[in-house]
Number of protein chains: 2
Amino acid sequence: MSQTAGARQLQRLKTRRALLDAALALLEEQSLGSLGLREVARAAGVAPTAFYRHFRDIEDLGIALVDEALENLHATVRSTLATSGDAEQRMSTAVELMAALVRAYPAHIRFIVRERHGGVRRVREAVTGQLDAFAREVAENLALDPLGAGWSRDDLLMLAKLYVDHMVMTASAFLAAALEDNEWDAVSRTALRQLRLIHAGRVHWTPAGPAAGA
Amino acid sequence: MSQTAGARQLQRLKTRRALLDAALALLEEQSLGSLGLREVARAAGVAPTAFYRHFRDIEDLGIALVDEALENLHATVRSTLATSGDAEQRMSTAVELMAALVRAYPAHIRFIVRERHGGVRRVREAVTGQLDAFAREVAENLALDPLGAGWSRDDLLMLAKLYVDHMVMTASAFLAAALEDNEWDAVSRTALRQLRLIHAGRVHWTPAGPAAGA
DNA sequence: GAAGATAGGTGACAGTTGTTCACTGACTAC
DNA sequence: GTAGTCAGTGAACAACTGTCACCTATCTTC
């Protein structure tokens, strides 16, 4: 059946991977919209027509990359949420997990950050849709926390969005930092302090309304 | 001299504007990297070669757009910083000013949000450079506030970056919201509550370090 | 009002793009 | 062992791209 290895399927997957990897490499210095089908095929070492055996067009390939990239990201989000310990520990492991993810899959992360606001509609919607789903997942998790007691569903979601946005911006900052420099640590520290500040706001938040000061 | 009107210079500026506007319109549905010189010229109603009289290439046009767009953004930032009143008032006018800016120049804002992480290096660097400058400007302003007393320069900058990122994300959210819908109000309210939360964190921040709880 | 400057237009070029079609040859299933 | 499936190839196409040298018509300057 289709489950067993099969030298045919194996070669097929290999070519598909070559196309995806070639695209990721090219996307380091351009955006999906300006990526050419022939360009990708050439970089992957296959004929242009072979591209069609795997993807309808570049947009289709883009969506495959979104799925791939956000699978990794989702794993990191879940690991972050599953972390136990006090707030300080959880925040620092969150930053560390993000740093590890960027180190492991820089091209994927760059792709997500870029195409989140990119020029290809369907891909952009795929990314934002997934990030929204992450926000909802985070919100559900926040609801379980004692700190979330008394918060409205809406407030939990707005906090979750803040966390998700911060996560993406941190990823972007890691990408911008030179890989070997101490810039990397600076990004870590800044991200961590921002998380602490948001956390402090969360602790002292008055869910009711604006005019309920200390 | 070159200062007086001059029918020649006038026509020149008119064409230049036509090119910029045509580009902005086309950029609504694609990114700068995939924009063609001929495409822009065609949309502007001029011959392809006329493009060269105004810009070296598309990248050059992009940088002109960055200057233009960030001039507007800068004005909004300054207005926000110059707002007087208590924190609550300042935050809500900040959101209102941002909403007004997006309504007035949606194409410019979309361009900035998109190309901030876009595929054209020099343009991306121009945007991030300017946004960093905004962050420094905000940080200087935060230092003047009584709330900022005792904060290190680094901490002020990390807070300022949080504000600037939040501003850009809010602008993006406004763009995504249907213009006439109540979605627009939802974005306003979410952004405002996020600002309140950050503000609460700022009030209860302990600049010294992590383990200095209440 | 003549001479010069210059914004914009013409036509052409070599190169690239996406897509099509008919094809080859290795693998699979019977 | 043979017939069929199918991933990948090669050549060809019309359309498009950025760039070029050259031309035109209008404004500006003296």
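We name chains A, B, ... by the order of the sequence lines, and we start the count at 1 in each one.
- In this structure, the CZ atom of A/R53 is 15 Å from the C1' atom of C/dC27, given to the nearest Å.
- The side chain of A/A7 lies closest to C/dC27, out of C/dT19, C/dT17, C/dC27.
- When distances run from any side-chain atom of B/T49 to the nucleotides C/dT28, D/dT9, C/dG11, the shortest one goes to C/dG11.
- Within the nucleic acid shown, A/R16 has no heavy atom closer than 4.0 Å to any nucleic acid atom.
- Side-chain nitrogen and oxygen atoms of B/H54 include at least one within less than 4.0 Å of the OP1 or OP2 phosphate oxygen of C/dG8.
- OP1 and OP2 of C/dA26 both lie 4.0 Å or more from every side-chain N or O belonging to A/R12.
- Within 3.5 Å, a donor on the side chain of B/R38 pairs with an acceptor on the base of D/dT19, or the reverse.
- The side chain of B/R8 lies closest to D/dT26 when the candidates are D/dC20, C/dT17, D/dT26.
- In this entry the distance linking CZ of B/R56 with P of D/dT19 reads 11 Å, nearest Å.
- B/Q11 has no side-chain polar atom (N or O) that falls below the 4.0 Å cut-off from OP1 or OP2 of D/dT26.
- With respect to A/E88 and A/R196, a salt bridge is recorded, a charged nitrogen being found less than 4.0 Å from a carboxylate O.
- Backbone-only contact: B/A50 has heavy atoms under 4.0 Å from sugar-phosphate atoms and none from a base.
- Distance A/L13 CG to C/dC27 C1': 15 Å, rounded to the nearest Å.
- No side-chain heavy atom of A/R16 sits under 4.5 Å from any side-chain heavy atom of A/R53.
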